[in-house]
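Worksheet for the structure shown next.
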Amino acid sequence: MIDLAMDFVGIGYQGKVDLMNYYNKNIYPLIDKNRKYKIQPNDNWCAMFCSVIAHKEGVNNFPHEVSVYYMVEKAKKMGIFSKDISNAKVNDLIIYDWKNDGTLNHVGILLRHGNNHFDVIEGNYRGTVGVRSIKVPNKEVYGVIHLNVS
């Protein structure tokens with residue numbers, strides 16, 4: 001997933017719209033009936049970005065969503081979510097809670113990790129796709145969605 005995600009680093013508005021159109025055409029039909037929502041240009045789009053990348057890569061058992069909260073809820077039901085980030089691996093999804101208040105705000109794909117940091121590729125990072133480096137442990141990291149991706 002990393003190679004494909006990296007292809008989108010620095011995209012402009014049209015690139016974002018293209019990703020949204022892909023989501024609405026190809027992933028929206030897969031979403032639970034009670035959560036059907038087509039993403040709009042003014043929406044936050046980090047979860048959509050991760051969903052599109054996973055779909056394009058053919059990742060099985062992915063919790064497709066446009067909402068980070070509902071993505072995590074799906075992952076919990078699937079048994080692939082953990083609050084323990086110590087065993088996070090490349091291609092897993094990192095979930096953020098910026099204010100450490102239980103509000104799940106953001107998600108990205110783990111690009112690489114070192115002894116005390118993660119590099120995470122994220123959609124909706126400063127208006128585009130970018131890479132964020134974060135120190136770990138970190139109170140703003142809520143948990144991880146473990147994906148079966150090599």
Side-chain angles (χ1 to χ4, degrees), residues 1-11 15-16 19-20 22-24 26-39 43-150:
M1 286 193 345
I2 296 301
D3 290 341
L4 179 59
M6 290 298 289
D7 288 345
F8 292 94
V9 170
I11 61 168
K16 176 181 97 167
L19 289 168
M20 290 179 170
Y22 182 94
Y23 180 93
N24 288 337
N26 298 288
I27 301 171
Y28 172 81
L30 305 174
I31 303 301
D32 297 337
K33 290 179 193 175
N34 62 336
R35 277 289 309 149
K36 291 273 188 183
Y37 179 79
K38 289 188 175 183
I39 192 158
D43 292 341
N44 290 325
W45 52 282
C46 56
M48 177 277 300
F49 175 73
C50 294
S51 291
V52 168
I53 297 301
H55 188 267
K56 285 179 173 255
E57 289 288 305
V59 177
N60 293 324
N61 297 319
F62 189 89
H64 294 290
E65 250 300 337
V66 295
S67 160
V68 178
Y69 173 82
Y70 286 105
M71 180 179 270
V72 170
E73 289 301 303
K74 278 181 147 179
K76 286 177 180 177
K77 288 178 184 172
M78 297 165 72
I80 59 174
F81 173 79
S82 175
K83 290 204 54 142
D84 179 6
I85 65 166
S86 65
N87 59 356
K89 62 188 184 319
V90 171
N91 288 309
D92 283 348
L93 302 182
I94 302 301
I95 307 298
Y96 299 94
D97 174 356
W98 296 131
K99 295 181 181 175
N100 198 23
D101 63 0
T103 302
L104 307 182
N105 309 102
H106 197 63
V107 60
I109 304 166
L110 183 57
L111 176 62
R112 62 185 152 263
H113 54 83
N115 292 336
N116 62 350
H117 78 282
F118 286 162
D119 291 333
V120 185
I121 187 165
E122 304 167 1
N124 201 33
Y125 176 72
R126 298 182 177 165
T128 186
V129 175
V131 176
R132 178 191 315 268
S133 290
I134 56 170
K135 290 184 179 183
V136 289
N138 187 320
K139 67 179 182 170
E140 294 175 332
V141 175
Y142 179 80
V144 60
I145 296 175
H146 296 287
L147 301 177
N148 189 15
V149 178
S150 54

Contact check, side chains of [X] and [Y], non-hydrogen atoms, under 4.5 Å:
X	Y	answer
Ile109	Ile53	yes
Arg35	Val66	yes
Pro63	Met71	yes
Lys74	Ile80	no
His146	Phe81	no
Phe62	Asn148	no
Lys89	Leu110	no
Ile31	Ile27	yes

If I take atom [atom1] from residue [X] and atom [atom2] from residue [Y], how far apart are they, to the nearest 0.5 angstrom?
X	Y	atom1	atom2	result
Asn105	Thr103	CG	OG1	6.0 Å
Asp3	Asn91	CG	CG	9.0 Å
Met48	Tyr23	CE	OH	9.0 Å
Ile94	His106	CD1	NE2	11.5 Å
Cys46	Leu104	SG	CG	10.5 Å

Polar contact flag, side-chain donor to acceptor under 3.5 angstrom, Asp84-Ser82: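 No, no side-chain donor-acceptor pair sits under 3.5 Å.
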Closest non-hydrogen atom pair, [X] against [Y]:
X	Y	answer
Lys139	Asn100	O-OD1, 3.4 Å
Gly123	Val129	CA-CG2, 4.1 Å
Tyr125	Gly130	CD2-CA, 3.6 Å
His113	Ala88	NE2-O, 3.6 Å
Ile39	Asn24	N-OD1, 2.9 Å
Leu30	His64	CD1-CD2, 4.3 Å

Crowded around Asn26 CG? As in, over 12 foreign heavy atoms under 6.0 Å? yes
When the ring centroid of Tyr22 is compared with that of His55, is the distance short of 6.0 Å? yes
Within the 6.0 Å centroid threshold, strictly below: Tyr69 and Tyr142: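 Distance test on ring centres: not under 6.0 Å, no.
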Applying side-chain contact (heavy atoms from CB on, under 4.5 Å) to Asp92 and Ile145, what does each step give before you reach the verdict? CA-CA 6 Å; Asp92 283 348; Ile145 296 175; over 6 Å; no
Can you tell me how the ring of Trp45 sits relative to the ring of Phe49, calling it parallel under 30°, perpendicular over 60° and tilted otherwise?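 Because their plane-to-plane angle is over 60°, the rings of Trp45 and Phe49 count as perpendicular.
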For the side chain of [X] and the backbone of [Y], is there at least one donor-acceptor N/O pair under 3.5 Å apart?
X	Y	result
Lys36	Pro29	yes
Asp32	Asn34	no
Lys38	Tyr28	no
Asn138	Lys135	yes
Glu65	Ser67	yes
Thr128	Ile11	yes

Residues Ile134, Glu140; criterion side-chain contact (heavy atoms from CB on, under 4.5 Å); working and verdict: CA-CA 9 Å; Ile134 56 170; Glu140 294 175 332; over 6 Å; no
Positive for side-chain contact (heavy atoms from CB on, under 4.5 Å) with Val68, one of Ile95, Asn44, Asp97, Leu93: Ile95
In this structure, which one of Ile2, Leu147, Asp119 forms a side-chain contact (heavy atoms from CB on, under 4.5 Å) with Val90? Ile2
Tell me whether Arg132 forms a cation-pi arrangement with Phe118, defined as NZ or CZ under 6.0 Å from the six-membered ring centre and within 45 degrees of its axis.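 No, Arg132 and Phe118 do not form such a contact.
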